[in-house]
Amino acid sequence: MGFYSLLLFTSTFIFILLVLSVDPSCVHIWAFGIQMLWQTFWHLLIQYREHYLHEPVSIRLFLAVSSLMLLTQRITSVSMDLQEKRVMLTNNTSSRKQTCVMILPLISYTLSFTTLLGGPLCSYSRFVFLMEGIGLSCPSSPLAVVFLKLIQVLLLEWARWCLIYFLKHNMYDPVNSGVLYGILWIWCLALVFRIQYYSHWRISEGLNNAVGFGFWEYSFVDSSELSGLSDGDFWTTELSSRMSEYARRWNFTTALWLRRLVYMRCKHFPLFMCFGFSLWWHGLHVGHFVGFFTWAATVKADYHIHKHLWPQLSPTWRKIYTFLGWINTQMIVTCIAIAVEFRNMSGLRLLWGTYVGLFPFANIILLFILLKLERRC
């Protein structure tokens, strides 16, 4: 990251100062506010240089801001632990040595490079537990697990290369191409974007396994953390037949973090507040506004549609409903992926031109109809 590594060191330094000087019950408010303002400043600076000055942005800055987003997860996770008294860091130490004993594990967790480059999010308590476990017992060899995950990465990248080859040699023409071909083409394009995330997560998981993370899940007492250090499995996530299932499985540790940080703390409109904060955290691009609020609305629609239809269906119709639900989920996820990845109006025009944008639109209309029926009942 070069010079831009100061973004991470500045955040860590300020957070340590807050831990040492602010009451644990108040540290989350300060840490959350300062960290999000710092991150938002750099996101807006990138947009200003891209869209107004039309200057190329250094890849080092993109990498630093991406890691800064993951650092925000870690800082707010620890601050919530302190606020909820899951972690106790006493700052009334009488000597420099005792202060170092308290602070150094926190710095080690905050700047742990294996998870700063691509996740997944690991709680502070779990991190300390794993580090202490390395000294007590020799972990099993990670070579087999890492090799298997690298094979999975190669297969995912091969599938992505095949899709890219198909897209390049069979370009979509709005005038001459049919509706079904346009839908298939845009679905393949969105799948290319999503496979890139799955590959990234698998590489990051393998990197964490190589240094010893993820081998002692059975020993950890916190039941909410027993799912392992993984951000998502391709088949499990992509075979989801409901938008609510997909939202929970996609980027799994980030979804848990958003649920704890926003969803469980909001008394009014928690779902929309959760996706609204995710929009803020990701960078506030135009495509992000459309993508994340579409995601929130279709998840809300999924809850009502499923609650209304599922009890009335026979076993045979439930299978048909599940299959149609999978197609509907894939089309909505395609719209979200295109809107978020393109980040500007060109992605929205592409969605509307291929009629894929009608799928989330139809779900939202059905949501309003069901809400009116529920109010009348």
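Note on ring orientation: taking the six-membered ring where Trp is involved, the planes of F292 and H288 are perpendicular (angle over 60°, cut-offs 30° and 60°). In this structure, W201 and Y197 have tilted ring planes: the angle between them lies in the 30° to 60° band.
Side-chain contact between L284 and H43: absent, with no pair of heavy atoms (C-beta onward) separated by less than 4.5 Å. Within the 4.5 Å cutoff, no side-chain heavy atoms of I46 are placed close to those of W42. Within the 4.5 Å cutoff, the side chain of T354 has no heavy atoms near those of the W185 side chain. Taking 4.5 Å as the limit, some side-chain heavy atom of D81 sits within range of a side-chain heavy atom of S77. Looking at Q39 and W281, their side chains come closer than 4.5 Å, going by heavy atoms from C-beta outward. Side-chain contact between Y4 and V65: absent, with no pair of heavy atoms (C-beta onward) separated by less than 4.5 Å. Under the 4.5 Å side-chain criterion, counting only non-hydrogen atoms from C-beta, S67 is in contact with M1. The side-chain heavy atoms of F342 and F193, taken from C-beta on, include a pair separated by under 4.5 Å.
N363 and T298 share no donor-acceptor pair across their side chains, judged by distance under 3.5 Å alone. A side-chain donor from one of S240 and R249 sits under 3.5 Å from a side-chain acceptor of the other. In this model, no donor atom of one side chain and acceptor atom of the other lie less than 3.5 Å apart for Q196 and E157. A donor-acceptor contact closer than 3.5 angstrom is absent between the side chains of Y52 and Q47.
The environment of R60 atom CZ is sparse: at most 12 non-hydrogen atoms of other residues, nucleotides or ligands sit within 6.0 angstrom. More than 12 non-hydrogen atoms from other residues, nucleotides or ligands lie less than 6.0 angstrom from CZ of R318. The number of heavy-atom neighbours closer than 6.0 Å to CH2 of W38, taken from other residues, nucleotides and ligands shown, is above 12. F323 CZ: 12 or fewer foreign heavy atoms inside a 6.0 Å radius. By the neighbour-count criterion of 12 heavy atoms within 6.0 Å, atom CE of M273 is sparsely surrounded, having that number or fewer from other residues, nucleotides or ligands. Residue K149 places its NZ atom among more than 12 non-hydrogen atoms of other residues, nucleotides or ligands, all under 6.0 Å distant. Residue-environment remark: OH (Y48) stays at or below the threshold of 12 foreign heavy atoms within 6.0 Å.
For the side chain to side chain contact (heavy atoms under 4.5 Å, CB included) test with I332, the passing option among N328, T329, T334 is N328; the others fail.
The distance from the CD atom of Q35 to the OG1 atom of T12 is 8.0 Å, given to the nearest 0.5 Å. How far CG of L156 is from CD1 of I195: 6.5 Å, rounded to the nearest 0.5 Å.
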Q83/S25 under side chain to side chain donor-acceptor pair (under 3.5 Å): CA gap, chis, key distance, verdict: CA-CA 4 Å; Q83 186 184 52; S25 61; over 6 Å; no

- prompt: Does the side-chain contact (heavy atoms from CB on, under 4.5 Å) test come out yes or no for L155 and Q152, once each step is laid out?
  reply: CA-CA 5 Å; L155 291 174; Q152 292 173 352; 5.6 Å; no

* To do: Could you please spell out the steps behind the side-chain contact (heavy atoms from CB on, under 4.5 Å) verdict for F277 and F272?
  => CA-CA 8 Å; F277 173 76; F272 286 92; over 6 Å; no

Requested in this report: Verify side-chain contact (heavy atoms from CB on, under 4.5 Å) between W317 and S314, making sure each step is shown before the conclusion.
Outcome: CA-CA 5 Å; W317 278 102; S314 64; 3.3 Å; yes

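Grouped by direct or indirect side-chain proximity (heavy atoms under 4.5 Å, Ile/Leu/Val/Met/Phe/Trp/Tyr only), V290 sits with V286, M345, L348.
Nearest heavy-atom pair across H306 and P311 is O-CD, 3.8 Å. Residues W257 and T72 share a closest heavy-atom pair of CZ2-O, 4.3 Å. Across all their heavy atoms, L167 and C188 have their closest contact at CD2-CB, 3.9 Å.
In this structure W158 satisfies the side chain to side chain donor-acceptor pair (under 3.5 Å) test with no other residue, sequence neighbours excluded.
Checking side-chain atoms of S278 against main-chain N and O of C274 turns up no donor-acceptor pair under 3.5 Å. At distances below 3.5 Å, at least one donor-acceptor pair connects side-chain atoms of S11 with backbone N or O atoms of L7.
Cation-pi contact between R74 and Y109: present, with separation from the ring centre below 6.0 Å and deviation from the ring axis of at most 45°.
Separation of the Y198 and W250 ring centroids falls under the 6.0 Å cut-off.
We find that D233 and R202 are joined by a salt bridge, their nearest charged nitrogen and carboxylate oxygen being less than 4.0 Å apart.
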